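Notes to accompany the following structure.
Below, read A as the first sequence line, B as the second, and so on, with proteins coming before strands; counting in each chain starts at 1. Note that the structure is predicted; figures quoted are calculated from it, not measured.
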2 protein chains.
Amino acid sequence: MTQKNRSLTLRDVSEASGVSEMTVSRVLRNRGDVSAATRDKVLTAAKELGYVPNKIAGALASQRVNLVAVIIPSLSNMVFPEVLSGISQVLEDTELQPVVGVTDYLPEKEEKVLYEMLSWRPSGVIIAGLEHTEAARAMLHASGIPVVEIMDADGDPVDAMVGISHRRAGREMAAAILKAGYRKIAFLGTKMPLDHRARKRFEGFTEVLAKSGVEVVDREFYSGGSALAKGREMTEAVLERSPDVDFIYYSNDMIGAGGLLYLLEKGIDVPGQIGLAGFNGVELLQGLPRQLATMDACRREIGTKAAEIIAARVNDVEKDGLITLAPTISFGDTLRDT
Amino acid sequence: MTQKNRSLTLRDVSEASGVSEMTVSRVLRNRGDVSAATRDKVLTAAKELGYVPNKIAGALASQRVNLVAVIIPSLSNMVFPEVLSGISQVLEDTELQPVVGVTDYLPEKEEKVLYEMLSWRPSGVIIAGLEHTEAARAMLHASGIPVVEIMDADGDPVDAMVGISHRRAGREMAAAILKAGYRKIAFLGTKMPLDHRARKRFEGFTEVLAKSGVEVVDREFYSGGSALAKGREMTEAVLERSPDVDFIYYSNDMIGAGGLLYLLEKGIDVPGQIGLAGFNGVELLQGLPRQLATMDACRREIGTKAAEIIAARVNDVEKDGLITLAPTISFGDTLRDT
DNA sequence: TATTGGAATGTTACCGCGATCAGTTGCGCG
DNA sequence: CGCGCAACTGATCGCGGTAACATTCCAATA
């Protein structure tokens, strides 16, 4: 309990309990044979001193680090905490521990964060997206540890991959919208150079529209700010510019919700006069006056699958490393279900 | 680029560039005098090999770890990512790096997470709340590193503290509500044994009401699920049970928003017939049909202040370590501003 | 020319722990 | 009675770096 300033070591516990450091180490790690008597002695001494093992030294000596680097663009997007929670849940049953790095959607920052994390020699990497700088891909490749790229399935992974095809998600939503009879379709989303997955959805979306000779009649992009408010503003702007719009496809549920609230306030018939759809299926939004049409991005499942792959590979178990999940459309109350 | 399976060491770079390991180390850390020629040689070799320094070894040797443990209850609460972002922003300008641990509001898990993090010998700890297990407090104390407890100011910190007084927040909200003339007041919130800050707000709240001879006429608690939907459900339940309620105080903005949407749908006059208030001032919710009355919890500022304290202490700079921020009430459109 | 000092580089000794191997006991069994 | 083995404990070495000190070399100075 009494503490100078230098933190305790095995030696301190060893001296306090009258056995060798090695034996203390064995007790604390529950490894090898130790008599019940010494075990108690050691544990008591350790507790009394308030000893906390030094994982840095332990990791260096054993060449094993039970950390998994998880690299994601943002924490405020809600999507990522959900993925994280899937990862944590699976890793909880192992000796592995997730460590999160945030890139703010910036490739250079991603590279930097990755470098930092790799310098701790983690047991695996879970990283969002398939697009990385050349250097980042090289590092991942050279690291020699399991790597799972998540959230996206449109592209070539360095190693393993768990995600959905956003192109397909865009295509399916477009198909559903067309099938429901909407033709004057607008798109509202984030500025996309940063967000490859939003871009791919948009590409898939326009591709299917084009096949039916339909073009997006209006579009609007935002960045930053409160998504709900932005959805409201952008919707207002679009309706002003293009009053004949009969459907709005939002690149995420949050701005979709803003749009929905706005339209309801204006007394516009949803989905009769105007249909709406978002993307992600965020649970957060249950409780809106109407349920927004959306597409589940399988976030939690992506997290669990990715963690399972890492856990398996760390234990040298072979495991399928290319998983494409199928997002399911949910019509909610804002898209006529035909 | 070519990689066996064992990762590279200084020795590899040293051999590749024909200088000693020490010199390589100096170049890579930008420390000490190295001629421009050797510097180039070394950097080239390092890049070519794809060398990533081993921080584990470095940390052990130098007895310095530039990590700051940040321990919070949850990532899905929105409040915490905001605090985190404040922390990151400040640490970005230093050599320190935040590492996040999540406790799920469970004291035992907090203790476990803390133990894990301390075993990596971080340079500092930022931890939410003032309530911890005895063992956790002991560990914090014994660690000998700067500790900042955040979000709360009602209690005694182990070391430093940055937060608001939730009791006071509750009191002020109660005063504002009474002043506006409401008397039949209901409280909706989370099940509180877990959430000390919500509990303290409630305590402060009832305390002021009591002084005016007012008692909460109804209350309801939830846990889990979509906060928006819960707010809606609970509001409905309360109105059914206590139709004469004229004000509802929610323990967070999200359930408040759910209640707001419900009341508007029902055509109830807000804030005439029923007033509403939440807590937190989440930016997310700008964009609701009406702006919910709320109280800013200074989340971002808490993050920055806490990080500044850690940064200062790490560099042995003295700095005031007891900061109580003042939350400000924002009346929005759901509380009559008298 | 001898001396000095600083820049550039190398050498040595750990950092705190775990893998490995080497004892030391005690006990059952032939 | 001694052998073999299991149960337990300890000593040594090295993981991959860095701090601190030692050395080399050469230009500037007296």
Would one find a side-chain N or O of [X] under 4.0 angstrom from OP1 or OP2 of [N]?
X	N	result
B:Thr23	C:dG10	yes
A:Thr9	C:dG16	no
B:Gln63	D:dG17	no
A:Ser35	D:dA7	no
B:Tyr51	D:dG16	no
B:Arg29	D:dT18	yes
A:Ser62	C:dC17	no
A:Thr38	D:dC8	no

Protein-nucleotide distance ([X], atom [atom1]; [N], atom [atom2]), rounded to Å:
X	N	atom1	atom2	value
B:Met22	D:dG16	CE	C1'	12 Å
B:Leu10	D:dT18	CG	P	6 Å
B:Asp40	C:dA8	CG	P	13 Å
B:Lys41	C:dA8	NZ	P	13 Å
B:Asp33	C:dA8	CG	P	5 Å
A:Leu28	C:dA19	CG	P	14 Å
A:Arg31	C:dG18	CZ	P	9 Å
B:Lys55	C:dG16	NZ	P	20 Å

Annotated structure of DNA chain C as dot-bracket, pair cut-off 3.5 Å, Watson-Crick or G-U only, | for inter-strand, is ||||||||||||||||||||||||||||||
Assess whether one donor atom and one acceptor atom, taken from the side chain of A:Arg26 and the base of D:dG10, lie less than 3.5 Å apart.
yes
A:Glu82 meets the salt bridge (charged side-chain N to carboxylate O under 4.0 Å, His left out) criterion, sequence neighbours left out, with A:Arg299
Test of understanding: with salt bridge (charged side-chain N to carboxylate O under 4.0 Å, His left out), list the residues that count as partners of B:Asp159, not counting sequence neighbours.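 Once residues adjacent in sequence are excluded, the partners of B:Asp159 under the salt bridge (charged side-chain N to carboxylate O under 4.0 Å, His left out) criterion are B:Arg313.
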With a cut-off of 6.0 Å (strictly less than), are more than 12 heavy atoms of other residues, nucleotides or ligands near [atom1] of [X]?
X	atom1	value
A:Asp156	CG	no
A:Arg11	CZ	no
B:Lys109	NZ	yes

Comparing nearest nucleotides in DNA chain C, the 5'-proximal residue of the pair A:Arg64, A:Ile56 is A:Ile56
Sorted by position of nearest nucleotide on DNA chain D, 5' first, the leading residue of A:Gly18 and B:Glu21 is A:Gly18
For [X] versus [Y], what's the shortest heavy-atom pair and its separation?
X	Y	value
B:Leu8	B:Leu49	CD1-O, 3.2 Å
B:Met161	B:Asp152	CG-O, 3.6 Å
B:Pro73	B:Arg197	CG-NH2, 3.8 Å

- Query: So what does A:Asn54 hit on the nucleic acid, given a heavy-atom distance under 4.0 Å: a base, only sugar-phosphate, or nothing?
  - Reply: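 The residue A:Asn54 makes sugar-phosphate contact but no base contact.
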